[in-house]
Every structure is written in structure tokens, then in C-alpha cells.
2 protein chains.
Amino acid sequence: MRYPPAIQKLVEELIRLPGIGPRSAERIVFHLLKSPPDETVRLAGALTELRKKIHHCSSCFNVAQSDPCPICADVRRDQHTLCVVERPTDVVAVERAGNYRGRYHVLMGKIAPLDGVGPEALRIRELIGRVKRGGIGEVIIATGSDVEGEATALYVAKTLKELPVRVTRIAHGIPMGSSLDFSDEVTISKAFQGRTPV
Amino acid sequence: MRYPPAIQKLVEELIRLPGIGPRSAERIVFHLLKSPPDETVRLAGALTELRKKIHHCSSCFNVAQSDPCPICADVRRDQHTLCVVERPTDVVAVERAGNYRGRYHVLMGKIAPLDGVGPEALRIRELIGRVKRGGIGEVIIATGSDVEGEATALYVAKTLKELPVRVTRIAHGIPMGSSLDFSDEVTISKAFQGRTPV
């Protein structure tokens, strides 16, 4: 004997999601059965809306409900600077920091040969297109500092080399509020290499 | 800047679920945005069906799509024995073991004064009603072996004491496939207390 079909079906759909195993799926189902029916209705509604409303901006490929996205459409933002990131979550992180006023280009991933993700799977061709169309003075590469992020940064920098644009990489070093004690060797080396005059 | 409203809304609904924090909610949303739209449609559908189709059996209080539930409706099952468990998940566990042929009574929780759950919040009154209606020869108490499960077992046993029914508790001892080495002191004491002649 298993659960009634309606529970079984929902458990099967939930375990497809990242980070949810059979146990957590069961917990979620019984949580929903205990909660006011509204909660389940709202969750189902939010899921339906997601795929209907969310698209990728045809210019920067960030997730958005409008095209171009609010950032690309904002004429007050610096149109000469592009920040290249891996994912939409990175855009939110940079915006939260609050002092970058340029635009973005979301690659939608990073080069990861082991996972079968080559450069052609990313939005690199579209980045070159944007730079070629002109008006861009600087491309700031802000991919991650892990191996794949570094490889992607190198690849993007190489691809843009022939074009009349300044290509920069965000600094890597000791995080603010931290001490040398808590930093690994690679980070400390990077911090020394990237030292600036005071 | 935050995510577009449709993403924000779904994240807010997801973090209400047990075991899902803001990070895992984001991961789920971006997983869904990457997957075929079908996956989201099926998940939303399964959620909607859940609350429409799943009810509690009016006899044993297990979750079911029919009333009485398939186990209560099954005339081949022993009608004289009731197994008292805390939750619908326990019914599935006992059914998986496969040799219990009686019926169930799901208390829908356990007595937990610290969480404000008293006996009146459980389906104990309904259990007494079922026993009083007659035809029940044995009530097997299979609540958990944690403090609340034990307290619930004691309370149920005391409540049934005046009624003409045999009340038993499932055995506690060394789990099968395990050794004394790996068992805690309370389990070992219980195993000695519950020894049977060979």
C-alpha cells in the first residue's frame, strides 16, 4: 500500500526539484494538508504565473516580466558599461551592493566541460554582438572565482580582445570584515597580486 | 532591485514550506525556469488536485481519496484489531512491513504539551467511540518511542482501560540487523525487559 494517488503524484513531482528528496516531499505534502487550503492555492497559482510571466530580456538575458527588462530600459543607467555575470541571481547580488550603475549581460551559465557546457551554450555570441554594435566602452567580467568561472572569464576576455573595448575583471582578495587568518592561500596570493597604491 | 514580481511571489510561497529557505527557493525557481514548461504545469496541477481530492477517512482518519478509505472498506481485513498510530506516514510504514492485517486509527499527532498539543487535539475521542461501538478485540498502540509517543501511548492505554478490549503496545528492542554495540542504553534495557522465551 502506498499513499492515495493525489499524494503520490505530488510527491513524484516534488522530488524532481533540486534539494528535495522523498522525505522532504512527504513533509511538504503533509504540511500543505494541515495548512489552510489557501496556501496550496496560492502556491499553485504562483507556479502557473511563473512560466507565463517570466521571460528572458532579449538584450541582457536577465529574467524579467517585460522586454527589454527594467534595467535595460532605464535610460538613467550608464549605457557604456556592461557587467558580465553567470546568472540572474548574480545581477540581484550586484544590484544589492548598490553602486554599479551600468547594464548587464547574463551568460546563463559558465563553461563547464565536465557537465558538457561549452562556450556555445552560453550567451557569449550575443555579448560580442552587443559590443560590435558599438557604444560600449568597458566590459567588466564578474563571473565566479571558481575554476569554471575563471575559465569563462578568460574565454570571454580572449573573445573580446580584437574589439575596441576595455575588458576588466572584478578584484579578488580578502573579503571585507575578514582577516588573513581566515583566508585560504589562493585568496591571499590574489590579494597580493591585486594590491593597489594607497 | 529584486527579482521580477512573479519570481518574488513564488519564492515567498516556497519559503513557507518546511525545509525550504530563501536559497533553496531560488534554486527551485531557476530550476523550473530552465526545465520544460510541462514540469511546472504538472507540479501546479498536482498541488491543485491535492486539496481537492485528499480527505480524511471518517472512520480511521487516514488520508484517502475515498470515504471510507480503501483499508477500512476492505472486508478481507481483520475487523477486530485496531492499530493506533500518530500519522498517515506510519500507516504506510506498517503496510510496507506487510504482515499486519487489521485496521488503523490515526491520531493525527501526539501529545506534546510544549507545542500546545493536548489529548483533545488528537482523535482519541473517536478511538474510544470506535471501541465502544463494539467488535474490537485488540487495540495495538504503535505510537513512536520518543517521549511524546510514549506519553501518548500511556494516555491512550489509560483511557481504554475501562473498556472490554485488550490493549497492547508494539515491542521496543534492538533493531534487526543491528548489534548491541550500536544500541543505546534505553533500547538495551527495553530489549531485556521485553525478552520472550525461545
Side-chain angles (χ1 to χ4, degrees), chain A residues 1-14 16-20 23-24 26-35 37-56 62-66 69-71 87-89 91-92 94-96 98 108-109, chain B residues 1-14 16-20 23-24 26-35 37-56 62-66 69-71 87-89 91-92 94-96 98 108-109:
Chain A
M1 184 255 182
R2 301 204 299 173
Y3 291 111
I7 292 185
Q8 203 63 38
K9 177 91 178 59
L10 181 54
V11 166
E12 276 161 25
E13 292 300 332
L14 286 170
R16 289 170 191 274
L17 301 177
I20 298 186
R23 284 274 166 177
S24 13
E26 274 181 11
R27 269 181 74 203
I28 291 172
V29 169
F30 285 102
H31 165 88
L32 290 172
L33 285 171
K34 261 196 308 188
S35 316
D38 279 18
E39 190 175 327
T40 314
V41 170
R42 280 202 315 272
L43 178 58
L47 281 161
T48 311
E49 294 290 276
L50 180 76
R51 292 306 298 243
K52 269 193 209 149
K53 291 198 174 160
I54 298 294
H55 303 280
H56 289 280
N62 193 8
V63 286
Q65 294 191 203
S66 52
C69 72
I71 295 178
R87 316 223 124 265
T89 42
V91 173
V92 174
V94 176
E95 288 295 293
R96 214 174 270 150
M108 293 310 294
Chain B
M1 182 253 184
R2 301 206 297 174
Y3 290 111
I7 293 184
Q8 203 64 39
K9 177 92 177 59
L10 181 54
V11 166
E12 276 161 25
E13 292 301 330
L14 286 170
R16 290 170 190 273
L17 301 177
I20 298 187
R23 284 274 166 177
S24 12
E26 274 181 10
R27 270 181 73 203
I28 291 172
V29 170
F30 285 102
H31 165 88
L32 290 172
L33 284 172
K34 262 196 309 189
S35 316
D38 279 19
E39 191 175 327
T40 314
V41 171
R42 280 202 316 271
L43 178 57
L47 281 161
T48 311
E49 294 290 277
L50 179 77
R51 292 306 298 244
K52 269 194 210 149
K53 291 197 176 160
I54 298 294
H55 303 279
H56 288 280
N62 193 7
V63 286
Q65 296 191 202
S66 53
C69 73
I71 294 178
R87 318 222 121 265
T89 41
V91 173
V92 175
V94 176
E95 288 295 293
R96 212 174 272 148
M108 291 311 294

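Residue numbers begin at 1 in each chain, while the letters A, B, ... track the order of the sequences. Heavy-atom basis, side chains included; hydrogens, waters and symmetry copies ignored.
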Open item on the list: Measuring from atom OG1 of B:T40 to atom NZ of A:K52, what distance do you get when rounded to the nearest 0.5 angstrom?
Closed with: 12.0 Å

Task: CD-CG distance between B:E49 and A:L10, expressed to the nearest 0.5 angstrom - done: 10.5 Å

Open item on the list: To the nearest 0.5 Å, what is the distance between NE2 on B:H31 and CZ on A:R16?
Closed with: 8.5 Å

TODO: With rounding to the nearest 0.5 Å, note down the distance linking CD in A:Q8 to CD in B:Q65.
DONE: 10.5 Å

Open item on the list: Please identify, among A:S66, A:P18, A:A44, the residue contributing the most non-hydrogen atom pairs under 4.5 Å to chain B.
Closed with: A:P18

Task: B:L32, part contacting chain A, at a heavy-atom distance under 4.5 Å - done: both

- [ ] Work out which heavy atom in B:A64 is nearest to a heavy atom in A:P4; give both atom names and the distance.
- [x] CA-CG, 3.7 Å

TODO: Answer yes or no: is there a side-chain heavy-atom contact under 4.5 Å between B:I54 and A:Y3?
DONE: no

Task: Check: B:V41 and A:R51 side chains under 4.5 Å, non-hydrogen atoms - done: no

- [ ] Please round to the nearest 0.5 Å and tell me the distance separating atom CG of B:L47 and atom CG of A:L14.
- [x] 6.5 Å

TODO: Below 4.5 Å from any heavy atom of chain B, which atoms of A:T89 appear? Answer side chain, backbone, both or neither.
DONE: both

- [ ] For residues B:L43 and A:L17, determine if any side-chain heavy atom of one lies less than 4.5 Å from a side-chain heavy atom of the other.
- [x] yes

TODO: Indicate yes or no: at least one non-hydrogen side-chain atom of A:I7 is less than 4.5 angstrom from one of B:L50.
DONE: yes

TODO: Check each atom of A:P5 against the heavy atoms of chain B and say whether the ones under 4.5 Å are side chain, backbone, both or neither.
DONE: both

TODO: Taking the side chain as every heavy atom from C-beta outward, state whether A:V63 and B:V29 have any atom pair closer than 4.5 Å.
DONE: no

Task: Heavy-atom pairs under 4.5 Å with chain B, option from A:R42, A:K9, A:E12 with the top count - done: A:R42

Task: Option in A:G98, A:G19, A:A46 with maximal non-hydrogen atom pairs under 4.5 Å from chain B - done: A:A46

Open item on the list: So for A:E26, is it side chain, backbone, both, or neither that comes closer than 4.5 Å to the heavy atoms of chain B?
Closed with: side chain

TODO: Count the heavy-atom pairs under 4.5 Å between each of A:H56, A:E39, A:K53 and chain B, then report the option with the highest count.
DONE: A:E39

Open item on the list: Counting heavy-atom pairs closer than 4.5 Å to chain A, which one of B:P70, B:S24, B:P88, B:C69 comes out on top?
Closed with: B:P88

